Amino acid sequence: MKALILVGGYGSRLLPLTYSIPKPLVDFANKPILQHQIEALKHVGVTEIVLAINYRPEDMYKFLKDSEDNLGVKLTCSQETEPLGTAGPLALARDKLVDGSGEPFFVLNCDIISEYPFAELIRFHKTHGGEATIMVTKVEEPSKYGVVIMEEATGRVERFVEKPKTFVGDKINAGIYLLNPSVLDRIQLKPTSLEKEVFPQIVAAAKLYAMVLPGFWMDIGQPKDYITGVRLYLDSVRENSPDRLVSGEHVIGNVLVHETASVGEGCLIGPDVVIGPGCVVEDGVRLSRCTLLRGAHVKKHACICNSIVGWHSSVGQWARIENVTVLGEDVRVGDEVYSNGGRVEPHSEVRSNIPNPKVVS
Ligand code: GDD
Ligand code: MG
């Protein structure tokens with residue numbers, strides 16, 4: 001089977017992290033989001049994955065070069081010369097997706113994390129005789145997603161409304177699709193949207209079906225949701241492979257620590273913390289609901305809560321970082337500095353407090 005992953009969005013809602021690297025390559029629980037998806041696709045028998053890219057191709061090519069052998073699937077790039085939206089890239093990659101076998105192929109948004117129940121999706125798709133299946137999930141704030149109204153008994157989609165202004169329903173498009181090759185006949189090679197143009201067309205033909213996604217789901221394309229996604233992901237690790245989590249007197253709840261990281265004496269870590277490769281956490285540090293990306297350094301008695309610390313950044317002694325603060329790559333936060341929701345651009349130094357959420361350069 002084949003798959004296409006839409007990796008071309010600008011990732012502007014995940015700044016300042018996406019100044020350094022495209023969104024699909026940002027680490028989530030110690031590996032690129034994209035890698036979580038590729039491994040899960042491989043697991044259900046996908047052998048060839050097309051990455052639909054639109055900007056910064058050099059980062060993606062580097063990822064391909066480094067990963068193809070390790071991941072054991074064929075990875076190819078389909079590169080746009082202008083952003084083609086969420087549907088145009090499928091038309092562009094048509095020859096790579098269709099091989100005459102008539103088999104359906106997967107399409108994924110690159111920023112969603114879940115247990116990727118692809119095997120269940122394949123099973124359901126085979127039962128309904130439609131052209132396309134989308135996975136849906138329930139959320140509390142449906143307005144920032146594509147909302148799906150479906151016939152409960154059969155799963156047939158009756159309406160698809162992208163980012164509705166008023167309440168239509170609380171089941172939303174999870175950004176995981178299985179499409180028959182015939183869907184490609186509905187897409188022109190131009191900037192166009194699956195959600196706004198193609199899905200409504202398939203709904204009108206009564207051939208779009210939806211399946212409620214089992215397990216957790218999160219679009220991690222915004223810092224607050226990224227932090228929530230880590231919590232849900234770690235809950236699922238606790239359930240399925242608890243040995244991957246650390247335990248001990250100084251650990252609360254679910255904590256993932258890379259084997260090359262070091263954690264000092266007298267720290268209190270957790271819940272919902274990820275410590276990346278090569279990170280150094282000095283003595284007496286308090287960490288909760290946060291991610292430290294590769295090479296981050298947290299000095300003595302600092303406290304980090306509900307935040308993301310970018311690659312190779314450092315947080316000074318007794319500093320306090322909280323309320324969805326995001327430090328970009330290589331940021332240095334001074335001793336005793338307080339940040340309440342700062343979004344700090346890469347390669348900068350923070351010497352004074354950030355009392356309220358704002359972008360700091
Ligand atoms: N190749 C390519 N070219 N990819 C693109 C382009 C483009 O021009 N524009 C966006 N993408 C990719 C993004 O990288 C992402 O993987 C996917 O398309 C969706 O874009 P987002 O910007 O993340 O959309 P969203 O989160 O606002 O909404 C989408 O996802 C929701 C679920 O998380 C929609 O599919 C909603 O219906 C859905 O509910
Ligand atoms: Mg998204």
Side-chain angles (χ1 to χ4, degrees), residues 3-15 17-18 21-26 28 32-34 36-38 49-57 59-60 63 76-94 96-97 106-114 116 132 134-150 157 159-164 168-177 179 187 189-200 202-203 208 210 212-213 216-226 228-229 232:
L4 178 142
I5 307 181
L6 289 161
V7 293
Y10 289 106
S12 43
R13 288 169 294 182
L14 201 54
L15 289 172
L17 300 176
T18 41
I21 207 162
K23 179 166 70 169
L25 301 182
V26 170
F28 177 89
I33 305 166
L34 187 57
H36 289 270
Q37 301 189 326
I38 293 172
I49 301 174
V50 182
L51 303 178
I53 53 177
N54 144 53
Y55 85 121
R56 291 172 71 156
D59 292 319
M60 210 54 77
F63 171 81
T76 53
C77 272
S78 169
Q79 199 193 333
E80 292 144 54
T81 47
E82 59 169 333
L84 291 177
T86 49
L90 276 71
L92 185 67
R94 186 184 178 110
K96 294 187 162 79
L97 293 169
F106 289 98
V107 174
L108 302 186
N109 286 350
C110 70
D111 54 1
I112 48 121
I113 192 87
S114 82
Y116 306 115
I134 66 180
M135 290 199 118
V136 296
T137 184
K138 258 194 184 171
V139 294
E140 279 169 19
E141 224 185 290
S143 62
K144 56 181 187 175
Y145 304 103
V147 174
V148 176
I149 313 290
M150 60 198 263
V157 177
R159 262 180 94 196
F160 188 107
V161 192
E162 183 64 13
K163 319 241 160 72
V168 193
D170 61 358
K171 281 206 194 71
I172 61 110
N173 168 24
I176 301 177
Y177 322 126
L179 310 180
I187 307 174
L189 183 52
K190 60 170 197 183
T192 162
S193 158
L194 271 178
E195 298 84 350
K196 291 186 190 143
E197 287 156 272
V198 181
F199 290 153
I202 314 179
V203 169
L208 183 67
V212 178
L213 173 145
F216 79 96
W217 178 90
M218 188 51 74
D219 176 330
I220 56 178
Q222 301 182 36
K224 182 170 156 282
D225 295 340
Y226 178 106
T228 306
L232 299 173

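All values below were derived from every heavy atom in this structure, side-chain atoms included, with hydrogens, water molecules and symmetry-related copies excluded. All values derive from a computational prediction rather than experimental measurement. Both counts, for ligands and for their atoms, begin at 1 and track the order of listing. Throughout, numbering of the chain's residues begins at 1 and tracks the sequence.
- Summary of contacts: the protein heavy atom closest to atom 29 (C) of ligand 1 is Asn109 ND2, 3.5 Å.
- Ligand 1 has an N or O atom lying under 3.5 Å from an N or O atom of Cys110, backbone or side chain.
- Annotation: the span from Leu6 atom CG to Leu194 atom CG amounts to 6.5 Å, rounded to 0.5 Å.
- Nearest-heavy-atom check against atom 39 (O) of ligand 1 across Thr192, Asn54, Asn173 picks out Asn173.
- Here the N, O or S atom of Asp111 that is nearest to the Mg ion (ligand 2) is OD2.
- Here the closest heavy-atom approach between residue Ala174 and residue Thr137 is recorded as CB-CG2, 4.3 Å.
- Interface atoms of ligand 1 facing Tyr177, defined by a heavy-atom separation under 4.0 Å, are 35 (O).
- Note: Ile38 CD1 to Ile33 CD1 = 12.0 Å, rounded to the nearest 0.5 Å.
- For ligand 1, the atoms closer than 4.0 angstrom to any heavy atom of Gly85 are 2 (C), 3 (N), 4 (N), 5 (C), 6 (C), 7 (C), 8 (O).
- Proximity to Ile112 (heavy-atom distance under 4.0 Å) selects the following atoms of ligand 1: 33 (O).
- The minimum heavy-atom distance between Val147 and Ile172, with the atom names listed, is CG2-CG2, 4.1 Å.
- Of all non-hydrogen atoms in Glu80 and Leu84, the two that sit nearest each other are OE1-N, 2.9 Å.
- Checked against the Mg ion (ligand 2), the N, O or S atom of Asp219 at the shortest distance is OD2.
- No heavy atom of Phe199 sits closer than 4.0 Å to any atom of ligand 1.
- Looking only at protein heavy atoms, the nearest one to atom 2 (C) of ligand 1 is Gly8 CA, 3.3 Å.
- Checking only distances, Leu6 does come within under 3.5 Å of ligand 1, N or O to N or O.
- Of all heavy-atom pairs spanning Asn109 and Gln37, the tightest one is O-NE2, 3.0 Å.
- Taking atom 14 (O) of ligand 1 as the reference point, the nearest protein heavy-atom neighbour is Gly9 N, 2.8 Å.
- Taking the side chain as every heavy atom from C-beta outward, Pro223 and Leu14 approach each other to under 4.5 Å.
- A donor-acceptor contact shorter than 3.5 Å is absent between the side chain of His36 and the backbone of Ile113.
- Ranking the protein heavy atoms by distance from atom 23 (O) of ligand 1 puts Asp111 OD2, 2.8 Å first.
- An N or O contact shorter than 3.5 Å is missing between Leu108 and ligand 1 by distance.
- Looking at Trp217 next to ligand 1, no N or O pair under 3.5 Å apart turns up.
- At a 4.0 Å heavy-atom cut-off, ligand 1 touches Glu162 through the side chain alone.
- Within the set Lys23, Gln37, Glu80, Lys163, the minimum heavy-atom distance to atom 27 (O) of ligand 1 is found for Lys163.
- Under a 4.0 Å N-O distance rule, the pair Lys144/Asp225 qualifies as a salt bridge.
- By the 3.5 Å distance cut-off applied to N or O atoms, Ala52 is counted among the residues near ligand 1.
- Leu213 is listed as a side-chain neighbour of Ser114, based on a closest heavy-atom distance under 4.5 Å.
- The closest side-chain heavy-atom distance from Glu162 to Thr86 is not below 4.5 Å.
- Inter-residue side-chain proximity for Val157 and Val136 is flagged as unmet; no heavy-atom pair is nearer than 4.5 Å.
- Residue contact annotation: Arg13 has a non-hydrogen atom under 4.0 Å from ligand 1.
- In the vicinity of Leu84, heavy-atom distances shorter than 4.0 Å reach the ligand 1 atoms 8 (O).
- For ligand 1, the atoms closer than 4.0 angstrom to any heavy atom of Pro83 are 8 (O).
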Apply the test side chain to side chain contact (heavy atoms under 4.5 Å, CB included) to residues Asn54 and Tyr10: give CA-CA distance (whole Å), side-chain angles for both, the deciding distance (0.1 Å), then the verdict.
CA-CA 9 Å; Asn54 144 53; Tyr10 289 106; 3.9 Å; yes
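- Near Glu195, meaning under 4.0 Å from one of its heavy atoms, ligand 1 places the atoms 34 (C), 35 (O), 37 (O).
- Minimum heavy-atom separation, Asn173 to Val148: N-CG2, 4.0 Å.
- Counting atoms of ligand 1 from 1 in the listed order, those under 4.0 Å from a heavy atom of Thr86 are 18 (O).
- Note on ring orientation: taking the six-membered ring where Trp is involved, the planes of Phe160 and Phe199 are tilted (angle from 30° to 60°).
- In this structure, atom 20 (O) of ligand 1 has its sub-4.0 angstrom surroundings free of protein heavy atoms.
- Among all non-hydrogen protein atoms, the one lying nearest atom 33 (O) of ligand 1 is Asp219 OD2, 2.7 Å.
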